[in-house]
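The structure under discussion appears below in the form of structure tokens.
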Amino acid sequence: MICPRCKTENGNRTICSKCGYFMYRVANQNVEKRTGFQRAVDDTKIVGKKVGKVFNIVWIIITMIVLSFWIIALLMFLTGGKVILG
Ligand SMILES: [Zn+2]
């Protein structure tokens, strides 16, 4: 690996033997650039999971409201409206 700062060949070293530059940071940046699209896809999947969780919560709330409505409707039917009207 050639040091990007002083252009010294360092073989398999990750830290430059001449100037002490941390070359593995550059290597990691290159990996991130190559997998940038893949990371974007992963981010979308994570956001999708979050949206899915929010959707599940909304779905539970809607189900509870509908169930509550039907329970109240059933109680009103059984009691002739005495539950709501007293
Ligand atoms: Zn160097």
Under the side-chain contact (heavy atoms from CB on, under 4.5 Å) rule, collect the residues that match up with [X], sequence neighbours excluded.
| X | answer |
| --- | --- |
| V58 | V54, I62 |
| I2 | K7, E9 |
| L67 | T63 |

Going by chain and number, the hydrophobic cluster around M64 (ILVMFWY, side chain to side chain under 4.5 Å) further includes I60

Those residues at least two apart in sequence (or on a different chain) that pass side chain to side chain donor-acceptor pair (under 3.5 Å) with S17 are N10

Worksheet item: Any side-chain heavy atom of Y21 sitting closer than 4.5 Å to one from C6?
Response: no

If you look only at distance, which donor and acceptor atoms sit under 3.5 Å apart when one is on a side chain in residues 44-53 and the other is two or more places apart or in another chain?
residue : atom : partner : partner atom : Å
T44     : OG1  : A40     : O            : 2.8

Taken to the nearest 0.5 Å, the spacing of L74 CG from T79 OG1 works out to 9.0 Å

